[in-house]
2 protein chains.
Amino acid sequence: MDAALRQRIYEFIEQKGLRKTAQRDAIIAAAFGTHEHFTAEALLEMSKKIEPSVSRATVYRTLPLLVECGVLKELDLGREQKVYDPNFVDHPHHNHLICVDCDKIVEFEDQNIELLEECISRRLGFSPSSKMVRIEAKCDELKRLGECKNRGKGK
Amino acid sequence: MDAALRQRIYEFIEQKGLRKTAQRDAIIAAAFGTHEHFTAEALLEMSKKIEPSVSRATVYRTLPLLVECGVLKELDLGREQKVYDPNFVDHPHHNHLICVDCDKIVEFEDQNIELLEECISRRLGFSPSSKMVRIEAKCDELKRLGECKNRGKGK
DNA sequence: TTAAATGCAAATTATTTGCAGAAGC
DNA sequence: GCTTCTGCAAATAATTTGCATTTAA
């Protein structure tokens, strides 16, 4: 895990008058030990491997903290469970493309869409800050075979 | 409610070997008696005004039917509750822009974004069919005042 | 007549919360 | 020592489902 990121998080925690605990440490290490998206449940499992005393409640209480800190992004990918993305620290402007069938996710950055969403937002009287785009489409496998092997499994 | 739409729905129901019931009639009439988005709960209320015997369970069982029929679109707007959009029958290619704070929704169509999402999808190995874009941004009020009057209320 | 549809209430599932004890500062 | 944190278990809240009964065709 990146040292600068670690410092940023712990400064945030200190500034808010919060405390450094073994459980939080484990959750933070787990969250940024991967570049994959994860759910609260998955983060719980990863955290427990580092510090077995981590409970589900503490994971659910820590996630909003990391989102507020700006290091984790809560994604709404149209699933039952919320998904968290640790990659916004490195790529603050990326967007997501999701297969409508198997939930496969691809991250992408695109100057044109960046510009276009700004134009559209302005035209409709919205401020172009804090924008995000999500494209749903059919993955290649779905297109070729009519369905995905990993249907519903996500990625 | 549009006669052609009504016929389309009832043909779909008949084709599937399903039956015409007073409750379904009421739910369908309620769903397409508005051009606003609605939740399952809101649809229940609207349907009850037409046919008081409509129950929550029947609403929840009828919604997927109308989605399958292609006349209603289930939107994922990042809220707790699912939202349904009856406007795809008239405007099959529209997208949504949502305020990150007050959940205000604006529908829009745009040739450029249509084309761009097709390019991006293809480039990433996705089929450009079934695509949809959702833009989150700050509404004018949020931008000017720092918060929205209707924060969290949706629209 | 018979398969589908209904309402009700109980079940499910992700997330949140109250509380008493544990622990950071 | 005082306040924040924690795990646990119970509470929420939207949606789904089992079942006995009703009803369309």
Side-chain angles (χ1 to χ4, degrees), chain A residues 9-31 37-45 47-48 50-69 72 74-84 103 152-154, chain B residues 9-31 37-45 47-48 50-69 72 74-84 103 152-154:
Chain A
I9 296 173
Y10 284 105
E11 269 176 14
F12 173 83
I13 286 178
E14 198 178 0
Q15 270 186 2
K16 294 212 81 175
L18 305 178
R19 291 167 183 176
K20 191 176 180 303
T21 69
Q23 291 86 350
R24 267 183 197 153
D25 287 352
I27 293 168
I28 291 165
H37 302 149
F38 52 79
T39 61
E41 194 64 27
L43 183 58
L44 171 63
E45 289 318 306
S47 306
K48 272 184 168 172
I50 300 170
E51 170 56 59
S53 73
V54 172
S55 72
R56 184 170 286 107
T58 299
V59 168
Y60 274 105
R61 280 188 274 234
T62 302
L63 281 168
L65 219 61
L66 296 173
V67 170
E68 190 191 341
C69 175
L72 214 57
E74 186 180 302
L75 296 186
D76 174 25
L77 299 178
R79 310 199 189 154
E80 345 58 64
Q81 295 171 246
K82 285 177 189 163
V83 175
Y84 295 85
D103 283 349
K153 283 186 193 169
Chain B
I9 296 172
Y10 284 105
E11 268 174 15
F12 173 84
I13 286 178
E14 196 178 4
Q15 269 186 3
K16 294 212 80 177
L18 305 178
R19 292 168 182 175
K20 191 174 180 305
T21 69
Q23 290 86 349
R24 267 183 197 152
D25 287 353
I27 293 168
I28 291 166
H37 302 148
F38 51 79
T39 62
E41 194 64 27
L43 183 57
L44 172 62
E45 289 317 307
S47 304
K48 271 184 168 172
I50 300 171
E51 170 56 60
S53 73
V54 172
S55 73
R56 182 169 287 107
T58 299
V59 168
Y60 275 105
R61 280 187 275 233
T62 303
L63 280 168
L65 219 63
L66 296 174
V67 170
E68 191 191 342
C69 175
L72 215 55
E74 186 179 301
L75 295 186
D76 174 25
L77 299 179
R79 311 202 189 152
E80 346 57 64
Q81 295 171 248
K82 285 177 189 163
V83 175
Y84 295 86
D103 282 351
K153 285 187 190 166

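Just so we're on the same page: letters track the sequence lines, and every chain starts at 1.
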Q. By salt bridge (charged side-chain N to carboxylate O under 4.0 Å, His left out), which residues pair with B:Glu41, not counting sequence neighbours?
A. B:Arg56
Side chain [X], main chain [Y], donor-acceptor under 3.5 Å:
| X | Y | answer |
| --- | --- | --- |
| A:Arg24 | A:Arg19 | yes |
| B:Thr58 | B:Val54 | no |
| A:Ser47 | A:Leu43 | yes |

Q | Trace of the side chain to side chain contact (heavy atoms under 4.5 Å, CB included) decision for A:Ile28 with A:Ile13 | A | CA-CA 12 Å; A:Ile28 291 165; A:Ile13 286 178; 4.1 Å; yes
Q: Decide side chain to side chain contact (heavy atoms under 4.5 Å, CB included) for A:Tyr84 and A:Leu63; before the verdict, give the C-alpha distance in whole Å, the side-chain angles of both, and the deciding distance to 0.1 Å.
A: CA-CA 9 Å; A:Tyr84 295 85; A:Leu63 281 168; 3.6 Å; yes
Q | Given DNA chain D, 5'-ward residue of the pair A:Ile13 and B:Ala57, judged by closest heavy atom | A | A:Ile13
Interatomic distance, [X] [atom1] vs [N] [atom2] [rounded to whole Å]:
| X | N | atom1 | atom2 | answer |
| --- | --- | --- | --- | --- |
| A:Arg61 | C:dC19 | CZ | C1' | 10 Å |
| A:Leu43 | C:dT15 | CG | P | 12 Å |
| A:Tyr60 | C:dT13 | OH | P | 13 Å |

Q) Less than 4.5 Å apart, any side-chain heavy atom of B:Asp25 and any of B:Tyr10? A) yes
Q: Could you tell me whether the side chain of A:Leu18 reaches within less than 4.5 Å of the side chain of A:Leu65, counting heavy atoms only?
A: yes
Q) Along DNA chain D, 5' to 3', what are the outermost nucleotides having an atom less than 4.0 Å from a heavy atom of chain B? A) D:dA14 to D:dA25
(Q) Give the residues of residues 14-28 of chain B touching DNA chain D, defined as any heavy atom closer than 4.0 Å, sorted by residue number. (A) B:Arg19, B:Lys20
